[in-house]
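Below, all heavy atoms of this structure are taken into account, side chains as well, without hydrogens, waters or symmetry copies. Values in this document were obtained by computation on a predicted structure and should not be read as measured data.
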Amino acid sequence: MSQPSFSQPLPRQGDPRKYAQQGIEITGFVDLKQLPRVATAVADENARFAVVLSFRIDEERKRVVQGSIEGEVGLTCQRCLDTVRVPLVCAVNLGIVWDEEQAKTLPRDRDPWIAAEGPADFYDMVEEELLLSLPPVAYHDHACVPSEHFESKAPEIGAQEQPKQNPFQVLEQLKGTPKK
């Protein structure tokens, strides 16, 4: 099996149902500039993603697309606020459906890709998969912040106990002695 070529951009549009009927595989790269929602979620400007999409009809006679999306992005480290490089690897396993009702018939291990008739935008699908694969929190593997920053400098409870003032003490004085 030959290594896929990522020297050309992934086609932006195509008919996924026809591709599945014909068993087509497409490969290429997608630049971060073409994915505006991912671009706003990362601290990068020039990332590139290698994409392999294989369209076919599965054993249940459903149209599917399987493949992978790989790349590396810069995210903001939540400890030191510098940029940390994070590899993104997405396994694509989608069922091509017309609507939500048809999506309910897919197996649990396959997500729906609702595509209208005619050409679909592959970059939108790639963008959705990348957004789902972004880590919720990014940080360096090494200690990027000195450990003394994790220690509390607050005085210990009980070390300096001062009698607490009752906020209702003033009201008690104004009221005078209680009636029996």
Side-chain angles (χ1 to χ4, degrees), residues 1-79 81-141:
M1 182 177 224
S2 65
Q3 187 71 7
S5 171
F6 299 109
S7 60
Q8 295 185 350
L10 184 77
R12 177 136 198 145
Q13 291 188 331
D15 189 335
R17 289 179 181 79
K18 281 185 184 177
Y19 286 10
Q21 200 72 30
Q22 297 170 0
I24 291 178
E25 178 175 283
I26 58 174
T27 62
F29 64 85
V30 177
D31 286 324
L32 181 63
K33 295 172 188 166
Q34 301 293 321
L35 310 170
R37 292 183 297 155
V38 175
T40 60
V42 301
D44 238 347
E45 292 181 10
N46 297 316
R48 179 174 277 188
F49 302 98
V51 182
V52 177
L53 300 175
S54 297
F55 298 84
R56 65 182 181 83
I57 296 178
D58 70 359
E59 53 279 349
E60 295 177 2
R61 307 286 305 146
K62 297 188 185 296
R63 292 175 177 91
V64 298
V65 58
Q66 295 175 313
S68 65
I69 305 167
E70 298 180 18
E72 187 177 85
V73 295
L75 297 173
T76 303
C77 173
Q78 297 302 303
R79 290 183 184 148
L81 301 180
D82 282 338
T83 301
V84 59
R85 303 298 302 167
V86 177
L88 293 181
V89 179
C90 308
V92 177
N93 187 15
L94 303 173
I96 304 164
V97 296
W98 293 103
D99 54 28
E100 293 285 337
E101 285 301 314
Q102 194 177 15
K104 293 177 184 176
T105 66
L106 291 174
R108 294 185 86 106
D109 66 335
R110 189 162 293 143
D111 291 326
W113 179 23
I114 300 173
E117 182 150 1
D121 192 331
F122 297 138
Y123 285 22
D124 283 346
M125 185 262 295
V126 167
E127 188 171 41
E128 291 288 331
E129 293 297 314
L130 285 171
L131 286 170
L132 290 171
S133 70
L134 286 173
V137 177
Y139 52 88
H140 291 101
D141 290 333

Contact list for residues 115-126, test side chain to side chain donor-acceptor pair (under 3.5 Å), sequence neighbours left out: Arg12-Asp121
Is any side-chain heavy atom of [X] closer than 4.5 Å to a side-chain heavy atom of [Y]?
{"X": "Pro135", "Y": "Leu75", "answer": "yes"}
{"X": "Gln34", "Y": "Pro9", "answer": "no"}
{"X": "Asp58", "Y": "Arg110", "answer": "yes"}
{"X": "Val38", "Y": "Leu131", "answer": "yes"}

How close do [X] and [Y] get, heavy atom to heavy atom, and via which atoms?
{"X": "Leu134", "Y": "Ala41", "result": "CD1-CB, 3.8 Å"}
{"X": "Leu10", "Y": "Thr27", "result": "CD1-C, 4.0 Å"}
{"X": "Glu60", "Y": "Pro107", "result": "OE1-CG, 3.9 Å"}
{"X": "Asp109", "Y": "Asn93", "result": "O-ND2, 3.1 Å"}
{"X": "Pro112", "Y": "Ala103", "result": "CB-CB, 3.5 Å"}

First locate atom [atom1] of [X], then atom [atom2] of [Y], and finally report the distance between them rounded to the nearest 0.5 Å.
{"X": "His140", "Y": "Arg79", "atom1": "NE2", "atom2": "CZ", "answer": "10.0 Å"}
{"X": "Leu132", "Y": "Glu127", "atom1": "CG", "atom2": "CD", "answer": "11.0 Å"}
{"X": "Asp15", "Y": "Gln21", "atom1": "CG", "atom2": "CD", "answer": "10.0 Å"}
{"X": "Tyr19", "Y": "Ile96", "atom1": "OH", "atom2": "CD1", "answer": "11.0 Å"}
{"X": "Glu128", "Y": "Leu35", "atom1": "CD", "atom2": "CG", "answer": "10.5 Å"}
{"X": "Asp44", "Y": "Thr83", "atom1": "CG", "atom2": "OG1", "answer": "7.5 Å"}

For Phe49, all residues meeting ring-ring contact (aromatic ring centres under 6.0 Å, His included), sequence neighbours excluded: none
Quick check on side chain to side chain contact (heavy atoms under 4.5 Å, CB included): which of Thr76, Leu88, Leu32 does Val42 satisfy it with? Leu32
Determine yes or no for a side-chain-to-main-chain donor-acceptor pair under 3.5 angstrom, with Arg56 supplying the side chain and Gln66 the backbone. no
Any donor-acceptor pair under 3.5 Å linking the side chain of Arg17 with the backbone of Gly118? no
With side-chain contact (heavy atoms from CB on, under 4.5 Å) as the criterion, how do Leu130 and Cys90 come out once you've worked through the C-alpha distance, each side chain's angles and the decisive distance to 0.1 Å? CA-CA 7 Å; Leu130 285 171; Cys90 308; 3.8 Å; yes
Output all residues satisfying side-chain hydrogen bond (donor to acceptor under 3.5 Å, both in side chains) with Glu72, sequence neighbours left out; order by chain, then residue number. Arg85
What pairs with Ser54 under side-chain hydrogen bond (donor to acceptor under 3.5 Å, both in side chains), at least two apart in sequence or on another chain? Glu25
Can you list every salt bridge (Lys or Arg N to Asp or Glu O under 4.0 Å) pair that touches residues 61-71, not counting sequence neighbours? none
Mutual orientation of the aromatic rings belonging to Phe122 and Trp113 [parallel < 30°, tilted 30-60°, perpendicular > 60°]: tilted
For Arg48, give me all partners under salt bridge (charged side-chain N to carboxylate O under 4.0 Å, His left out), at least two apart in sequence or on another chain. Asp31
